[in-house]
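Just below is one structure, and these are the notes that go with it.
All heavy atoms count here, side chains included; hydrogens, waters and symmetry mates do not. Just so you know, ligand 1 is whichever comes first in the structure, and atom 1 is the first atom listed for that ligand.
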Amino acid sequence: MADDNAKLACTRDELDKASYLTRKICFKKQPVSAIIFAFEGSVYAYVNHCMHMHRPLNCEQDAIFDETGLYLRCSMHGFIFDPKTGECQSPVCLGQRLQSLRLKEIDGVLYFAEKHLTLID
Ligand code: FES
């Protein structure tokens with residue numbers, strides 16, 4: 001359990017009150033941020049890094065979804081992504097995927113379930 005606590009992402013309650021949350025993490029020895037959100041009843045997390053020009057999805061706006069709420073959207077140039085797979089739907093990066101981060105939920109608490117991940121703060 002100590003290992004789980006070291007990878008605490010958030011509570012389900014926190015996530016239900018926000019459109020998304022971010023956490024500073026170290027993943028595969030790189031300091032990055034993670035985005036965590038609920039979509040259609042399931043929870044998802046990705047490294048917050050758009051492959052187009054290497055920006056966080058929320059770099060220009062405090063949002064990670066497009067106006068329909070059906071796609072993740074990078075606020076830099078507007079590329080959209082499938083929230084369930086992280087796959088880019090925009091032509092330039094079509095088929096490339098955001099780096100997904102596995103989560104596990106125990107009693108309403110979400111933990112990162114990635115071996116090569118630690119929290120930065
Ligand atoms: S940096 Fe994300 S769409 Fe260009």
Side-chain angles (χ1 to χ4, degrees):
M1 191 53 125
D3 188 47
D4 281 345
N5 286 333
K7 297 187 182 193
L8 176 75
C10 61
T11 66
R12 186 63 192 241
D13 196 43
E14 286 176 300
L15 201 54
D16 288 344
K17 291 176 183 162
S19 58
Y20 72 102
L21 296 170
T22 60
R23 293 289 180 262
K24 291 180 184 170
I25 59 169
C26 188
F27 183 63
K28 296 183 178 175
K29 300 183 180 175
Q30 297 295 320
V32 293
S33 81
I35 49 174
I36 309 158
F37 58 89
F39 181 74
E40 295 183 348
S42 296
V43 291
Y44 299 89
Y46 294 96
V47 172
N48 190 10
H49 179 261
C50 176
M51 72 288 287
H52 178 223
M53 288 193 176
H54 312 292
R55 303 288 172 86
L57 273 63
N58 58 341
C59 63
E60 293 290 314
Q61 286 181 308
D62 182 17
I64 61 167
F65 277 91
D66 72 354
E67 60 282 355
T68 70
L70 297 175
Y71 294 97
L72 296 173
R73 179 182 179 276
C74 178
S75 58
M76 191 69 209
H77 304 107
F79 286 19
I80 58 172
F81 305 85
D82 182 330
K84 294 181 178 177
T85 64
E87 187 173 323
C88 187
Q89 309 293 303
S90 298
V92 173
C93 299
L94 189 65
Q96 294 183 53
R97 289 175 187 244
L98 301 172
Q99 172 67 57
S100 66
L101 300 168
R102 284 173 290 147
L103 294 168
K104 64 180 173 183
E105 185 168 354
I106 302 172
D107 296 333
V109 181
L110 295 162
Y111 301 91
F112 291 108
E114 294 286 348
K115 187 175 180 183
H116 301 288
L117 182 151
T118 55
L119 298 177
I120 291 179
D121 56 11

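Minimum-distance N/O/S atom of His52 relative to atom 4 (Fe) of ligand 1: ND1. The atom of His77 nearest to atom 4 (Fe) of ligand 1 is ND1, with the search restricted to N, O or S atoms.
When all heavy atoms of Cys93 and Cys88 are compared, the closest pair comes out as O-CB, 3.2 Å. Closest of all the heavy-atom pairs between Asn58 and Ser75 is C-OG, 3.5 Å.
With ligand atoms numbered from 1 in the order given, ligand 1 contributes 1 (S) to contacts under 4.0 Å with heavy atoms of Met53. The distance from ligand 1 to the heavy atoms of Met76 drops below 4.0 Å at these ligand atoms: 1 (S). Under a 4.0 Å criterion applied to the non-hydrogen atoms of Phe79, ligand 1 contributes the atoms 3 (S).
Between His49 and the choices Gln30, Gln99, His54, the side-chain hydrogen bond (donor to acceptor under 3.5 Å, both in side chains) rule is met once, by His54.
With atom 2 (Fe) of ligand 1 as the vertex, atom SG of Cys50 and atom SG of Cys74 span an angle of 110° (nearest 10 degrees).
A side-chain donor-acceptor contact under 3.5 Å links Asp66 and Thr68.
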Step-by-step ring pair (Phe, Tyr, Trp, His ring centres under 6.0 Å) determination, Phe27 to Phe112: CA-CA 11 Å; Phe27 183 63; Phe112 291 108; 9.1 Å; no

